[in-house]
Amino acid sequence: MAPVSAPNLPQPDYLSRLNPEQRAAVEAVDGPLLVLAGAGTGKTRVLTTRFAHILMSGRARPWQVLAVTFTNKAAREMRERVSAILGQPAEGLWLGTFHALCARMLRRHAALVGLQTNFTILDADDQLRLLKQVMEAARIDAKRWPPNGTMGVIQRWKDRGLTPERVTAAEDSDWANGAARALYAAYQRRLVELNAADFGDLLLHVTEILRTNPDVLAEYHRGFRYILVDEYQDTNLVQYLWLRLLAQRPEPLPRNICCVGDDDQSIYSWRGAEIENILRFEKDFPGAQVVRLESNYRSTKPILAAASALIAHNSGRLGKTLRPGRQDAEGERVQVLSLWDSEEEARAVAGRIEQARRDGMPLREIAILVRAGFQTRAFEERMIALGIPYRVVGGAKFYERAEIRDAMAYLRVLNQPADDLAFERIVNTPKRGLGDTALRAMHEIARREAVPLSTAAHLMVERGEALRGKARQALMELMQGFDRWRAALPTEGHVVTTATLLDESGYTEMWKQDRSPEAPGRLENLKELVRALSEFESLAGFLDHVALVMENDENAEGDRCSLMTLHAAKGLEFDMVFLPGWEEGLFPSQRSLDEGGEKALEEERRLAYVGLTRARRIAIVSHAANRRIYANWTSSIPSRFLDELPEAHVTRAGGAAQERSRMVSAPSVFTAGPLASRRARVIEAGAWEVQARPARSDAFAVGDRIFHQKFGYGRITGVDDDKLDIDFEKAGSKRVLDRFVERG
DNA sequence: GAAACTATCTTTTTT
DNA sequence: AGATAGTTTC
């Protein structure tokens, strides 16, 4: 957008570009402020402008502002935009994700929770492996109590700011027969022994430090004059506590906290986010101002009308109304397509994308947003067939690949010899003849001497204990290697040392010898890793970056259409958006509903709202009558959300293939009975049961041989009005509506 | 130490 | 169905 210069107005240029409500949010600098920002209302602009305004008006120096986001992407974007307004790179800012900021704080005060400054940040994989070990040691039956279930319990406690000591007996769930709390405590002890912290710990530890060390808290109170929080609706309890501790400065220091969020876009409750945090803001900060941003500059009127009508079905909202803010807000209605099955849905969507492409729309302006990952497959297949370039956002990550994780493990041991998890990973990679037996011996000594594995390994080599011959030789070489590489680090630098390490350890050689087709790619990835390493000042900095930022190499280049989940789409926008799979059971997701009831339904609805509001000009929603789930075909009824879209702004139609399919009168599916009677479920058959059924004289009878489009040939074993029980030759027994079968 | 077999689980995911 | 993780077997 071209900057508008306004020399006749006595205000900085950056303020004149805002509408009145945005400007109010930027200029209400003093005291607590809640900005309720609807989708597409310029939230990021407000946040960044406010940040810049605080600095430009001389209210604070860059390091006196704390700015928190949820994702690295949001943090990067904010940094860039603040720099752009300031006209210079923004340096020395406390700007980052909750986790990155907490990691930075924790490095300063690590000793207060028993860690050293160079503690390792564990990823999800390491966390689980560690917990498995802990559970094994405690003799918990992993069959009955799967480790990731225990992980869930622990994480939920961490999300709520509960250290093991703070978990009350009453809180101890019946998980693992009441052993969860003890497992949690043991797990935390192991983490400290390993000089490691998991993601949850970053917030938990820092919050605990701030709670129990008034001097540390006071230091931050003096330091942070302004606090800015993005996506406040997604904060969990510990994040909330952390913010509140930092924001509630003692009198007479002002409490300048500004939280920006949208209660209608809260979609992460399943990972601990508490929408109550935003609903409660005014109570937490008495005298808080509330500004609503309601002018939407993104979408057309019909899209906004559809999204608004949908979200209006939720209760307990703070209340906002999206107003079209664009001059050209007129536009096409939201389309709803009814299709026979998921394959036809893919054909219809891909066909429309092809058409749009012919009409000149860039593919990068088109997105398919699905509820669940497995849905992408049908679309991918179709787009490959048609030769439409696409990309799946949120797929496999660079740093999750085996070779990268191995190399990272080497670097972790180099950086932090106490990192047993990393040591275990690489001690026999490449194969050195140090298998289970050797590892068990090392564990034995480590336990006896109360030292890390790598120290135990050193001892074994020196004493010649437990290991003999080849194994001892191999271990000695490895340990000498680490000594050498560690010594080289200060003189050679981390990049050269890493390259040396990968060669001398035999790791690169291992892949060179590997004859599998992936091997060359893996070697490439290792080169890429070394290259990435050169962008960092130190090894420690790089390791933190990888743990916290986990940048995945999305091949963003090229004009491709995007395929992603609704969750991944939050914050993005496209000209044309497809929203397939709006069926009961899938969206809203049955599993969510089972777990969370009415609240979960509202979250699903918010997800639908997020989906619709991603679209600038064209939104196409669809549902299929049949979908393959796992192995077999399941029929499903249209999502209740489809009924919640306002008729005046929606066009409902069958797909291109409707005529040749059995969907004779597709619109009738929308006249289904009252909502209340509609159970949330995937039913075996019956999407069309509301359709007026012509009386059939040629009634089916038990024993008849029939043919079904999806299930093939079968024989009738029972008749119940219009429902037939059929024993299919291939698909097994099913109950099907008679109008879906023909005599075979 | 690797191949072969079998049991299990299939929403959303950032850090 | 298909992937994957854990087990068994050679």
Side-chain angles (χ1 to χ4, degrees), chain A residues 68-75 96-104 106 121-129 132 136 142-143 146-149 151-152 155 158-159 197-204 206 230-231 234-236 238-239 266-273 369-378 393-397 399-400 402 428-437 516 544-552 564-571 581 585-596 600 603-604 606-608 610-611 628-634 730-731:
Chain A
V68 199
T69 65
F70 268 86
T71 63
N72 293 296
K73 200 173 151 215
T97 62
F98 276 100
H99 295 268
L101 292 167
C102 281
R104 188 166 157 194
L106 189 55
I121 300 167
L122 298 187
D123 63 26
D125 245 57
D126 288 329
Q127 287 175 40
L128 198 59
R129 266 192 307 139
K132 270 183 198 162
E136 226 163 276
K143 286 256 154 36
N148 53 15
M151 201 73 227
Q155 261 162 5
K158 290 189 174 181
D159 285 343
D198 68 17
F199 284 117
D201 283 343
L202 297 174
L203 273 135
L204 185 72
V206 173
D230 193 13
E231 306 277 16
D234 286 333
T235 50
N236 62 30
V238 71
Q239 289 162 337
S266 164
I267 55 175
Y268 283 113
S269 75
W270 51 274
R271 71 180 197 211
L369 309 181
V370 296
R371 176 63 180 86
F374 74 85
Q375 288 174 264
T376 58
R377 204 163 134 181
V393 177
K397 314 249 178 3
Y399 290 110
E400 283 169 12
N428 202 29
T429 312
K431 299 275 180 284
R432 301 187 171 88
L434 298 168
D436 282 353
T437 329
S516 67
D544 254 20
H545 172 84
V546 174
L548 290 168
V549 179
M550 274 284 182
E551 208 119 41
N552 41 309
M564 69 186 99
T565 63
L566 286 159
H567 284 91
K570 192 161 85 154
L586 178 58
F587 192 36
S589 142
Q590 189 54 52
R591 190 155 159 201
S592 289
L593 263 35
D594 289 345
E595 281 170 17
E603 181 150 319
E604 295 285 304
R606 291 194 290 269
L607 205 43
V610 167
R628 205 199 327 237
I629 292 180
Y630 309 137
N632 37 17
W633 287 93
T634 314
K730 297 260 165 56

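Numbers restart at 1 for each chain; the letters A, B, ... are given by sequence-line order, proteins then strands.
Nucleic acid contact for G200(A): none, since no nucleic acid atom lies under 4.0 Å from a heavy atom of the residue.
Regarding R371(A), its CZ atom lies at a distance of 5 Å from the C1' atom of dT12(B), rounded to whole Å. Rounded to an integer number of Å, the gap from CD of E603(A) to P of dT11(B) is 16 Å. The distance from atom CG of D123(A) to atom C1' of dT15(B) is 11 Å, rounded to the nearest whole Å. For the pair R606(A) CZ and dT11(B) P, the computed distance is 21 Å after rounding to whole Å. In this entry the distance linking CG of L202(A) with C1' of dT14(B) reads 12 Å, nearest Å. Here the P atom of nucleotide dT14(B) and the CG atom of N236(A) are 16 Å apart, to the nearest Å. Rounded to a whole Å, the CG atom of L434(A) is 9 Å from the P atom of dG1(B). As a whole-Å value, the separation of L586(A) CG from dT10(B) C1' is 14 Å.
Here the separation of dA3(C) from dT14(B), taken at their C1' atoms, is 24 Å to the nearest Å. Straight-line distance between the P atoms of dT13(B) and dG2(C): roughly 23 Å, to the nearest whole Å.
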For nucleotides 6-9 of chain C, give me every protein contact, N/O to N/O, under 3.5 Å, one pair per line with atom names.
unit_1: dG6(C); atom_1: OP1; unit_2: K132(A); atom_2: NZ; d: 2.9

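Ring planes of H567(A) and Y268(A): tilted class, angle from 30 to 60°.
Remark: N72(A) is in phosphate contact with dT15(B), judged by side-chain N or O atoms under 4.0 Å from OP1 or OP2. In this structure, T97(A) does not reach the dT14(B) phosphate: none of its side-chain N or O atoms is under 4.0 Å from OP1 or OP2. The side chain of R271(A) places no N or O atom within less than 4.0 Å of a non-bridging phosphate oxygen (OP1 or OP2) of dT13(B).
The aromatic ring of F374(A) does not sit over the base of dT10(B), since the test of centres under 5.5 Å and planes under 30° is not met.
Judged by distance alone, with hydrogens and angles left aside, the side-chain atoms of D201(A) form a donor-acceptor pair with the main-chain N or O of D198(A) at under 3.5 Å. Side-chain atoms of E604(A) come within 3.5 Å of backbone N or O of S589(A) as a donor-acceptor pair. Here the side chain of E603(A) pairs a donor or acceptor atom with the backbone of S269(A) at under 3.5 angstrom.
Minimum atom distance to the side chain of R591(A) is reached by dT10(B), of the listed dT13(B), dT10(B), dG2(C). In this structure, of dT14(B), dG1(B), dT10(B), it is dG1(B) that holds the atom nearest to the side chain of K431(A). Of the candidate nucleotides dT11(B), dT15(B), dT12(B), dT11(B) has the atom nearest to the side chain of S589(A). Side-chain proximity of H99(A) to dT15(B), dT13(B), dT11(B): nearest is dT15(B).
Expressed to the nearest 0.5 Å, how far CG of L548(A) lies from CZ of F98(A) amounts to 14.0 Å.
More than 12 heavy-atom neighbours from other residues, nucleotides or ligands sit within 6.0 angstrom of CZ on R129(A).
For the pair S592(A) and A100(A), nearest-nucleotide mapping onto DNA chain B gives the more 5' position to S592(A).
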side-chain contact (heavy atoms from CB on, under 4.5 Å) between K158(A) and L203(A), intermediate numbers included: CA-CA 8 Å; K158(A) 290 189 174 181; L203(A) 273 135; over 6 Å; no

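Counting all heavy atoms, side chain and backbone alike, A197(A) lies closest to L202(A) at CB-CD2, 4.4 Å.
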